[in-house]
Amino acid sequence: MKIKEIIDRACETRVRGDMESWLSLFSKDVMFVQPEKSIKGLYRLRVALEVGKRQFAQMRCTPLEVIASDEEAMYIEQIDAVTLQGDEITLKGGVHLKVAEGKISYMASYYDTIPFKRVLGKEI
Amino acid sequence: MQTEEVITRYFEYVNSGRWEDYVELFADNVVMDEQMLGHLEGKAEVARGIEGLKSNPGFRNYPREVMVKGSEAMVIWNIKSPNSDGTVFDFKGMNFFKVEKGKIVYFSNYHDTSIFEKS
């Protein structure tokens with residue numbers, strides 16, 4: 001899969017809530033970096049995803065501007081989320097990802113956590 | 001100036017306190033979506049927006065990863081900004097640049113702002 005296809009698939013699997021397909025895009029030793037935490041390994045990423053399921057009814061990401069090479073990409077994404085209580089969060093963020101042997105080996109997201117904290121009342 | 005050179009100079013000027021040269025990297029009709037300052041239009045607004053940085057000579061913004069494609073560039077950076085109480089804001093984020101005729105015509109950045117609320 002080309003890197004732009006991986007980006008599109010990562011977003012479309014999240015939109016339809018197909019977390020198994022989303023996780024299948026990542027390598028076993030993936031480094032997944034969020035603003036306040038880093039997750040190493042597919043197992044821990046799966047666990048973190050389970051926590052997210054208990055917070056959000058919907059999480060949509062839409063790639064906007066993309067700069068990509070064969071194995072690396074940076075892109076701006078539109079994030080639209082709805083909590084289980086119906087609160088809506090919308091913002092943009094930056095993503096940096098690296099691909100090795102067709103799998104995402106590194107993904108770092110840069111976004112403001114304040115909109116999430118104001119709604120969820122805690123760190124995400 | 002090519003895109004990559006504009007980006008190089010952007011960080012060079014920020015990290016050497018050359019704020020007048022920094023402002024001149026932007027087109028007169030630049031549009032900026034800055035995480036803290038909001039939506040700015042025009043070089044004059046950019047110049048007003050960075051006034052606070054001029055009083056912090058220890059402010060540094062280190063580019064870590066850079067990708068350039070034609071007139072667009074994205075940069076992962078690490079800011080280290082000393083505070084008056086001796087602490088340092090140390091955080092990472094991403095910038096997006098659009099460059100035309102050697103000038104930045106659009107700029108946006110993305111980072112967590114919660115560290116400022118904790119202080």
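These figures come from a predicted structure and were not determined experimentally. Residue numbering restarts at 1 for every chain, and letters A, B, ... go by the order of the sequence lines.
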Salt-bridge criterion met for [X] and [Y] (N-O under 4.0 Å):
| X | Y | value |
| --- | --- | --- |
| B:Lys54 | B:Glu51 | yes |
| B:Glu65 | B:Lys92 | no |
| A:Glu12 | A:Arg60 | no |

Given a strict heavy-atom distance threshold of 4.5 Å, which part of [X] is in contact with chain B: side chain, backbone, both, or neither?
| X | value |
| --- | --- |
| A:Ala73 | backbone |
| A:Ser109 | neither |
| A:Val66 | backbone |

Inset, instruction - Name the option with the most non-hydrogen atom pairs under 4.5 Å to chain A; the candidates are B:Phe96, B:Phe91, B:Tyr110. - result: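 Top count of heavy-atom pairs under 4.5 Å with chain A: B:Tyr110.
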Legend entry - Residue selection (most heavy-atom pairs with chain A, distance under 4.5 Å) from B:Lys69, B:Met74, B:Met94: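 The residue among B:Lys69, B:Met74, B:Met94 with the greatest pair count is B:Met74.
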Inset, instruction - Taking the six-membered ring of A:Tyr106 (Phe, Tyr or Trp), confirm whether the NZ or CZ of A:Lys98 is under 6.0 Å from its centre and within 45° of its axis. - result: yes
Inset, instruction - Would you please say whether a donor-acceptor pair under 3.5 Å links the side chains of A:Thr90 and A:Asp80? - result: yes
Inset, instruction - Count the heavy atoms of every other residue, nucleotide or ligand shown that sit under 6.0 Å from CZ of A:Arg16, and state whether that count exceeds 12. - result: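 Enclosed.
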Legend entry - Heavy-atom pair count under 4.5 Å with chain B, highest-scoring of A:Lys92, A:Glu72, A:His96, A:Glu65: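 The answer is A:Glu65.
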Legend entry - Proximity breakdown for B:Glu72 and chain A, heavy-atom pairs closer than 4.5 Å: both
